[in-house]
*Asks:* 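Before we start, here is the structure in question, set down as structure tokens.
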There are 2 protein chains.
Amino acid sequence: MTTGETATPPRRRDAAKTRRLLLDAAIQRFTRDGYAATTVRDIADDAGVNVALISRYFRSKEGLFEACLTSSVDDLRRNTGEAPLSRTPEAIARQIAGPCADGLPYHLVLLLRSSGDEAADRIRLGLLQSYGERLAAVAGWSPGSPGGDDLLLRAQVVLAAAAGIALLRTKSGLGPLAQATEEDLVPPLRDLVEALLKNG
Amino acid sequence: MTTGETATPPRRRDAAKTRRLLLDAAIQRFTRDGYAATTVRDIADDAGVNVALISRYFRSKEGLFEACLTSSVDDLRRNTGEAPLSRTPEAIARQIAGPCADGLPYHLVLLLRSSGDEAADRIRLGLLQSYGERLAAVAGWSPGSPGGDDLLLRAQVVLAAAAGIALLRTKSGLGPLAQATEEDLVPPLRDLVEALLKNG
DNA sequence: TTTTGAAGTCAACAATCGTTTACTAGAGGC
DNA sequence: GCCTCTAGTAAACGATTGTTGACTTCAAAA
């Protein structure tokens, strides 16, 4: 099927496509280099469009960053669904160890980046909260359950560990960790998840 | 002992003291806000000295950042010594859970910050490597030991987890994690360390 | 007391940042 | 065909960045 008749014909000037190009380029840059170290001109160059279009489509650099966060959050919710996570520590470990380029780790690293903006912080905190709760639910946690704070804390430790691993894996060329494949990482991470979440 | 006679009398103009003031202020800023988001004028204001003295004492902003890293690394080596870490998972967990303001977590967060400078990256990588090896030694690892890569990998996972926890604890107001005391955190972290390092 | 070198100050530098403005060019409706 | 929005461009804005050089001030040596 080469540009089927029902598919929208490629337009030379496509606002939606340009917006998406900017968003993708921004996510990559913000994830890799952080907010402050990233220039709007870098992003525009990566996307191959004019700098002024960032202000047009996203109002400002902070607006673009917020859009990146919500886009990443939507991706995450779409992939994992609203249902509770898979219940086996193996599956959770596999998610954490997954490909750096476009899995959970990738989104977690972006979530660690800070712009100093309040709205962005709320978005970030919202996802971390809900993700932690769903992780705790695997271990039998439910809202308001007795002694549940302990389970929630343990789930958030798992989350923090996942974030730290993703960050160290992509940013530093550290020893065996940076070159480790998914298969290398699953066994230790399964142990980690089990130790923290199976005591419930 | 109030400024004993042998102690150097307080000098109105003290290069060493000024240098130290700048270094301390820079470590705080770089740790909290990262490299790119921190301004040399911010640092100088915090230290209560003139901006130009940064270029004088540290040659440049990057030079100051390198000095922060080496200072932090020296602190870490001085506190933990050259000897292997305490062998009990309890003690390791306590180190990780320690006070955010000035313990291992504080130094780890600074180590996560990147300036894009090569020299700084080498310093960072050097400490992470040696710290990972000392952590692996607790589980019986030694340089060149058979199958030792697996142990080293597990130790680095512990290190990454510690870094992620420290980062999430100080930067985001996440759930019970951010407000957790050292006593709250030690039990789950002991489980984490045991699960990863006791399988050797 | 005079001299001298270091410690600290001040003001400006060029470069780069995010953002805005005025403008050109293209595509669909009449 | 023309007309009219809208997508995209180019150039500049003021603000802020890291850095530098000439200047002043202090303290110790002579």
Side-chain angles (χ1 to χ4, degrees), chain A residues 3 5 7-27 29-30 32-68 113-120, chain B residues 3 5 7-27 29-30 33-69 113-120:
Chain A
T3 45
E5 61 265 33
T8 44
R11 290 208 288 170
R12 305 261 314 270
R13 329 181 99 198
D14 192 331
K17 182 182 173 184
T18 301
R19 213 190 109 102
R20 169 51 61 178
L21 282 175
L22 279 172
L23 201 61
D24 289 342
I27 289 177
R29 283 274 182 182
F30 286 146
R32 181 153 42 102
D33 306 328
Y35 179 82
T38 297
T39 297
V40 288
R41 287 178 171 85
D42 289 339
I43 298 172
D45 287 352
D46 287 354
V49 305
N50 195 280
V51 206
L53 296 181
I54 289 180
S55 297
R56 180 197 284 272
Y57 291 138
F58 300 96
R59 208 189 69 254
S60 68
K61 186 189 179 187
E62 278 192 348
L64 174 57
F65 184 68
E66 284 181 36
C68 288
R113 303 305 191 180
S114 178
S115 73
D117 182 34
E118 259 188 55
Chain B
T3 42
E5 60 267 31
T8 44
R11 291 207 288 170
R12 306 262 313 271
R13 324 181 111 196
D14 191 331
K17 182 181 173 185
T18 301
R19 214 190 108 102
R20 169 51 60 180
L21 282 175
L22 279 172
L23 202 60
D24 289 341
I27 289 177
R29 283 274 183 182
F30 286 146
D33 306 328
Y35 179 82
T38 298
T39 298
V40 288
R41 287 178 171 84
D42 289 338
I43 298 172
D45 287 351
D46 287 354
V49 306
N50 195 282
V51 207
L53 295 181
I54 289 181
S55 297
R56 179 198 285 272
Y57 291 137
F58 301 96
R59 207 189 68 253
S60 67
K61 185 189 179 186
E62 278 191 349
L64 174 56
F65 184 68
E66 283 182 37
C68 289
L69 281 184
R113 304 305 191 180
S114 178
S115 72
D117 182 34
E118 260 188 54

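Everything quoted here is computed from the prediction, not taken from an experiment. Labels below follow one simple rule: chain letters A, B, ... track the order of the sequence lines, proteins then strands, and each chain is numbered from 1.
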*Asks:* Once salt bridge (charged side-chain N to carboxylate O under 4.0 Å, His left out) is applied, do any residues pair with A/D24, and if so which ones, sequence neighbours excluded?
*Replies:*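 Listed in chain order: A/R20.
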*Asks:* Nearest-nucleotide wise, let me know which of A/L53 and B/D42 is further upstream toward the 5' end of DNA chain D.
*Replies:* A/L53
*Asks:* Can you measure B/F58 atom CZ to C/dG8 atom P for me and round it to whole angstrom units?
*Replies:*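 To the nearest whole Å, that distance equals 12 Å.
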*Asks:* Can you tell me how far P of C/dA6 sits from CZ of B/R19, to the nearest Å?
*Replies:* 17 Å
*Asks:* Atom pairs, N/O to N/O, protein against nucleotides 24-30 of chain C, distance under 3.5 Å?
*Replies:*
| unit_1 | atom_1 | unit_2 | atom_2 | d |
| --- | --- | --- | --- | --- |
| C/dA25 | N3 | A/R13 | NH1 | 3.3 |

*Asks:* Expressed in angstrom and rounded to an integer, what is the separation of B/D45 atom CG from C/dC10 atom P?
*Replies:*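 So the two atoms are 12 Å apart, to the nearest Å.
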*Asks:* What is the minimum heavy-atom distance between B/S115 and B/A120, and which atoms define it?
*Replies:* OG-CB, 3.9 Å
*Asks:* Who are the side chain to side chain contact (heavy atoms under 4.5 Å, CB included) partners of B/S114, not counting sequence neighbours?
*Replies:* A/K171, B/D121, B/R124
*Asks:* Tell me which of A/V49 and B/A36 sits closer to the 5' end of DNA chain D, going by the nucleotide each one is nearest to.
*Replies:* A/V49
*Asks:* Taking distance alone, no hydrogens or angles, what donor-acceptor pairs closer than 3.5 Å link side-chain atoms of residues 46-55 of chain A to residues at least two apart or in another chain?
*Replies:*
| unit_1 | atom_1 | unit_2 | atom_2 | d |
| --- | --- | --- | --- | --- |
| A/D46 | OD1 | A/R29 | NH2 | 3.4 |
| A/D46 | OD2 | A/R29 | NE | 2.7 |
| A/D46 | OD2 | A/R29 | NH2 | 3.4 |
| A/N50 | OD1 | A/A52 | N | 2.9 |

*Asks:* Using whole Å, report how far CD1 of A/I54 lies from P of C/dT20.
*Replies:* 13 Å
*Asks:* Roughly how many Å is it from NZ in A/K61 to P in C/dT16, rounded to a whole number?
*Replies:*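 Taking NZ of A/K61 and P of C/dT16, I get 16 Å after rounding.
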*Asks:* Are OP1 or OP2 of C/dG18 and a side-chain N or O of A/S60 less than 4.0 angstrom apart?
*Replies:* no
*Asks:* Who passes side chain to side chain contact (heavy atoms under 4.5 Å, CB included) against B/S60, sequence neighbours left out?
*Replies:* B/E62
*Asks:* From NZ of B/K17 over to P of C/dG8, roughly how many Å is that when rounded to an integer?
*Replies:* 10 Å
*Asks:* Nearest 0.5 Å, what's the CZ-CG distance between B/R113 and B/D33?
*Replies:*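 If we round to the nearest 0.5 Å, B/R113:CZ and B/D33:CG are 7.5 Å apart.
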*Asks:* What's the separation between atom CD1 in A/I27 and atom CG in A/L22, rounded to the nearest 0.5 Å?
*Replies:*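 Those atoms lie 11.0 Å apart.
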*Asks:* Under 4.0 Å, heavy atoms only, any strand: does A/T39 hit a base, just the sugar-phosphate, or nothing?
*Replies:*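 A/T39: backbone/sugar contact only, no base atoms under 4.0 Å.
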*Asks:* Cation over ring, B/K61 on B/F30, under 6.0 Å and within 45°?
*Replies:* no
*Asks:* Nearest whole angstrom, please: distance from the P of C/dC17 to the OH of A/Y35.
*Replies:* 13 Å
*Asks:* Could you measure the distance from the SG atom of A/C68 to the OH atom of A/Y35? Nearest 0.5 Å is fine.
*Replies:*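 So the gap between those two atoms works out to 10.0 Å.
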*Asks:* Of all residues at least two apart in sequence or in a different chain, which pass the side chain to side chain contact (heavy atoms under 4.5 Å, CB included) check with B/A119?
*Replies:*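 In terms of side chain to side chain contact (heavy atoms under 4.5 Å, CB included), with neighbours along the sequence ignored, B/A119 is linked to B/E66, B/D117, B/R122.
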*Asks:* On DNA chain D, which is the earliest and which the latest nucleotide, 5' to 3', with an atom closer than 4.0 Å to a heavy atom of chain A?
*Replies:*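 For DNA chain D, the relevant span reads D/dT6 to D/dA12.
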*Asks:* Show me the protein contacts with nucleotides 11-13 of chain C, counting only N or O atoms at under 3.5 Å.
*Replies:*
| unit_1 | atom_1 | unit_2 | atom_2 | d |
| --- | --- | --- | --- | --- |
| C/dA12 | N6 | B/R41 | NH2 | 3.4 |

*Asks:* State the OH-CG distance between A/Y57 and A/L23, to the nearest 0.5 angstrom.
*Replies:* 13.0 Å
*Asks:* Whole angstrom is fine here: how far is it from CZ in A/F65 over to P in C/dT19?
*Replies:*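 Those two atoms, CZ and P, are 14 Å apart.
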